[in-house]
Amino acid sequence: MKVTLFGTGYVGLVTGTCLAEMGNRVLCVDVDAGKVARLKNGEVPIFEPGLSPMVKRNFESGRLDFTTQAEPAVHHGEVIFIAVGTPPDEDGSADLRYVLEVARSIGQHLDRYAVVVNKSTVPVGTADKVRATIAQALAERGAVIPFDVVSNPEFLKEGDAVEDCLRPDRIVIGSSSERATQVLRKLYAPFNRNHDRTVVMDERSAELTKYAANAMLATKISFMNEIANIAERVGADVEQVRRGIGSDPRIGYHFIYPGCGYGGSCFPKDVQALERTARTVDYDARLLGAVEAVNHAQKGKLFELIERHYGGALKGKTVALWGLAFKPNTDDMREASSRRLMEQLWAAGAKVRAFDPEARAETTRIYGERADLTLCEDAYEALDGADVLAIVTEWKAFRAPDFARIRDVLKDPAVFDGRNLYDPAQVEDMGLAYYGIGRGRSLASVPVPSAAMLRPAATA
Ligand SMILES: NC(=O)c1ccc[n+]([C@@H]2O[C@H](COP(=O)([O-])OP(=O)(O)OC[C@H]3O[C@@H](n4cnc5c(N)ncnc54)[C@H](O)[C@@H]3O)[C@@H](O)[C@H]2O)c1
């Protein structure tokens, strides 16, 4: 099939490439001329495991191409995907500017029936807005051309995006048109060979499904961070609690890892946007507000622990930081916990020596060259001249480090484990101080409560 994708970011590029891999002829259009030039040169601008060779292979075979021109792109596709960004606007609602710009260009150039598929994460009601925008642009041209708008939210995870796209858990199609549904069923048939993963529903439900999925996952994380903060104060170890509750199949082990907060381009903005959507329909989504607030506080957790370790005197200290990306296997730094930590350390007069396997170029793009940030080529190089070590992203390479080497190089051997990667006793046995998230021993200044303090209040 002939497919067009507007937006060659994490979603658009991965989706376009996977559709080309299945034999479709895919044209990706982006307003970022630099990105398009790099892609045409065989350079993939983002880090995503397995993506680069697949882009090259499909580009060379002629099944995948890139352009900045909307007109030929609209003429190319019998299916036209919108996969542009929907960043938060000033009040946290999703900014639909880019989605509606694309809808307008589709209306300006459409020359025959096409299915317009919204893959961006958008608030409920956006399919109607896209439909109205296309219709208006067609009317301005005096053109009468049929088209359908479908909501097809994307569930891929950065770091596993290619795998998720090739083998999705589910393919949600929100459509009120049987014709459009059949076109998408045909397009997705190669992804359904093992069993049918398609879930067809109405557009509004499809739009809400995406937000509900992300809000649920974010809620699990914030819930666990809440438990971690309680564990820390009552002298319990949240890691033992995690294993204890995860063994219940109704809860499960996934997404209940405590840590220094979630980041990325999706959870923070989608939880916020859903909460704002609820407000517009006079509903106070208290749980979502709490999920957001817990996460905001949690992103300050590592700084709080380091600051407490030094009694507030951080000026002149150097912190080695392992992990800059918002999660492993990506170079994406959007809303990354590392950013909050670095900014807090800099504000307190400390310096940072950081290592990340993939996100160093992105860090330079965001912060430029600065005297209080040194980006290192190797994890152990980041320790040179540093006082303490903070782990912010759980890259596999950080899971079993050489603690003796860390102890010998750091000026003040202490590890601040923002992802609870290590066994506290093992680290302490190696002669390092250990601080984790919710592990009973992290709040030196908070007394472990006495039995009397823990006794339930007497009931009447
Ligand atoms: N990143 C993820 O893991 C993920 C997962 C699921 C859903 N989503 C959603 O998918 C959407 C895209 O996310 P992303 O991470 O791929 O974004 P991104 O920022 O990586 O990419 C968006 C791209 O769209 C381009 N663009 C903007 N306006 C355009 C226009 N008028 N015409 C053509 N291109 C245009 C930008 O230049 C950019 O390259 C968002 O709504 C996001 O919430 C993202």
Side-chain angles (χ1 to χ4, degrees), residues 4-17 27-39 44-49 51 66-74 77 80-89 93-109 116-123 126 130 133 137 151-165 168-172 206-207 209-215 217-218 262-274 325-327 329-336 362 365:
T4 291
L5 273 119
F6 276 85
T8 57
Y10 287 86
V11 169
L13 184 59
V14 171
T15 307
T17 307
L27 184 55
C28 293
V29 52
D30 204 292
V31 285
D32 183 337
K35 213 179 233 189
V36 169
R38 286 176 71 185
L39 284 161
V44 174
I46 52 170
F47 173 74
E48 194 55 58
L51 182 60
F66 304 97
T67 180
T68 53
Q69 303 296 310
E71 185 170 351
V74 174
I80 303 174
F81 281 92
I82 304 177
V84 297
T86 46
D89 69 12
S93 328
D95 183 348
L96 289 180
R97 193 178 342 160
Y98 307 107
V99 169
L100 296 179
E101 260 170 31
V102 174
R104 195 163 167 71
S105 1
I106 294 172
Q108 283 166 341
H109 303 301
V116 177
V117 184
N118 197 6
K119 212 168 227 330
S120 298
T121 302
V122 289
T126 302
V130 167
T133 306
S151 164
N152 171 221
E154 180 53 60
F155 298 96
L156 62 77
K157 305 182 285 298
E158 285 178 29
D160 281 317
V162 171
E163 189 56 25
D164 286 346
C165 191
D169 293 326
R170 75 294 214 191
I171 299 166
V172 171
E207 289 166 337
T209 296
K210 174 63 194 175
Y211 281 105
N214 275 356
L217 295 171
Y262 61 74
S265 67
C266 294
F267 289 0
K269 86 168 167 57
D270 293 349
V271 171
Q272 248 185 47
L274 183 55
F326 87 89
K327 68 172 181 179
N329 293 328
T330 182
D331 58 352
D332 197 340
M333 297 267 298
R334 287 179 279 186
E335 304 276 338
E362 183 61 4
R365 192 190 65 77

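Whatever order the structure lists ligands and atoms in, that order sets their numbers, starting from 1.
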Electrostatic pair Glu362-Arg365, nearest N-O below 4.0 angstrom: yes
Residues two or more places apart in sequence or in another chain: which of them pass side chain to side chain contact (heavy atoms under 4.5 Å, CB included) with Pro123? Ala94, Leu96, Thr126, Tyr211, Thr277
Is a side-chain N or O of Thr86 found less than 3.5 angstrom from the main chain of Thr121, in a donor-acceptor match? yes
Exam field: side chain Glu154 to backbone Leu156, donor-acceptor pair closer than 3.5 Å: yes
What's the separation between atom CZ in Arg170 and atom CZ in Phe155, rounded to the nearest 0.5 Å? 4.0 Å
Among Leu5, Leu13, Val29, find the residue that satisfies the side chain to side chain contact (heavy atoms under 4.5 Å, CB included) test when tested with Phe66. Leu13
Contact table ligand 1 N or O to protein N or O, d under 3.5 Å:
unit_1, atom_1, unit_2, atom_2, d
ligand 1, 1 (N), Glu158, OE2, 2.7
ligand 1, 1 (N), Ser265, OG, 3.4
ligand 1, 3 (O), Glu158, OE2, 3.3
ligand 1, 15 (O), Arg334, NH2, 3.1
ligand 1, 16 (O), Tyr10, N, 3.0
ligand 1, 16 (O), Val11, N, 2.9
ligand 1, 19 (O), Arg334, NH1, 3.4
ligand 1, 20 (O), Tyr10, N, 3.3
ligand 1, 37 (O), Asp30, OD1, 2.6
ligand 1, 39 (O), Asp30, OD1, 3.4
ligand 1, 39 (O), Asp30, OD2, 2.6
ligand 1, 39 (O), Lys35, NZ, 2.6
ligand 1, 41 (O), Thr86, OG1, 2.5
ligand 1, 41 (O), Thr121, N, 2.9
ligand 1, 43 (O), Thr121, OG1, 3.3
ligand 1, 43 (O), Lys269, NZ, 2.6

